[in-house]
Amino acid sequence: VQLQTSGGGLVQPGGSLRLSCAASGAVAGVLRMGWYRRSPESERELVAAIFVGTHTLYTDSVKGRFTISRDAAKNILYLQMNSLRPEDTAVYYCNAAEFAREYWGQGTQVTVSS
């Protein structure tokens, strides 16, 4: 499975960004897709995930602000990020998990600053 991430950038506090992750290859075995982030001040954390069957989960700090979604026909994962805060600044990574293996996309920088 190959993951191509896009959509990061610089945004002011309160602004919005949408990240995209295009999956290709043997995606039929993927059970979960998600977004992680890592900043210089924190360890890598799971931001949001979506499972087969569309069940989703979010880390507490982004609930109500971020939305994870998936276009199954196009094999594209999205992360809509609204009401962005400076503490959301991080490198964001797309992740795809099979039963016994994980795949990672390249990171995309999100910077929230005035």
Minimum heavy-atom distance [X]-[Y], with the two atoms named:
X	Y	value
C94	L77	SG-CD2, 4.0 Å
R38	Y93	NH2-OH, 3.8 Å
E98	V1	OE2-CG2, 4.1 Å
E102	A97	CG-CB, 4.1 Å
V11	L17	CG1-CD1, 4.0 Å
A23	M33	CB-CE, 4.2 Å

Are [X] and [Y] side-chain neighbours, meaning at least one heavy-atom pair lies under 4.5 Å?
X	Y	value
C21	W35	yes
P86	P13	yes
E87	E41	no

Judged by atom type as modelled, is there a donor-acceptor pair below 3.5 Å linking the side chain of [X] to the main-chain atoms of [Y]?
X	Y	answer
T108	G8	yes
R37	V91	no
T89	V112	yes

Hydrophobic cluster membership, with links at side-chain heavy-atom distances under 4.5 Å among I/L/V/M/F/W/Y: are [X] and [Y] in one?
X	Y	result
Y103	L79	yes
I50	L19	yes
W104	V27	no

- Evaluation steps, side-chain contact (heavy atoms from CB on, under 4.5 Å), between M81 and V110: CA-CA 10 Å; M81 305 185 292; V110 172; 3.9 Å; yes
How long is the span from the [atom1] atom in [X] to the [atom2] atom in [Y], to the nearest 0.5 Å?
X	Y	atom1	atom2	value
L3	N75	CG	CG	10.0 Å
Q80	S16	CD	OG	5.5 Å
S114	Q12	OG	CD	7.0 Å
R44	S39	CZ	OG	13.0 Å
F51	R70	CZ	CZ	10.5 Å
Y58	I68	OH	CD1	6.5 Å

- Task: Indicate the ring-plane relationship of F66 and Y92, choosing parallel, tilted or perpendicular according to the 30° and 60° boundaries.
- Result: tilted
- Task: Tell me yes or no: between the side chains of N95 and R32, is some donor less than 3.5 Å from an acceptor?
- Result: yes
- Task: In plain terms, say whether D60 and K63 are close enough for a salt bridge, that is, a side-chain N and a carboxylate O under 4.0 Å apart.
- Result: yes
- Candidate pair Y36 and V47, rule side-chain contact (heavy atoms from CB on, under 4.5 Å), full reasoning: CA-CA 5 Å; Y36 287 73; V47 177; 5.6 Å; no
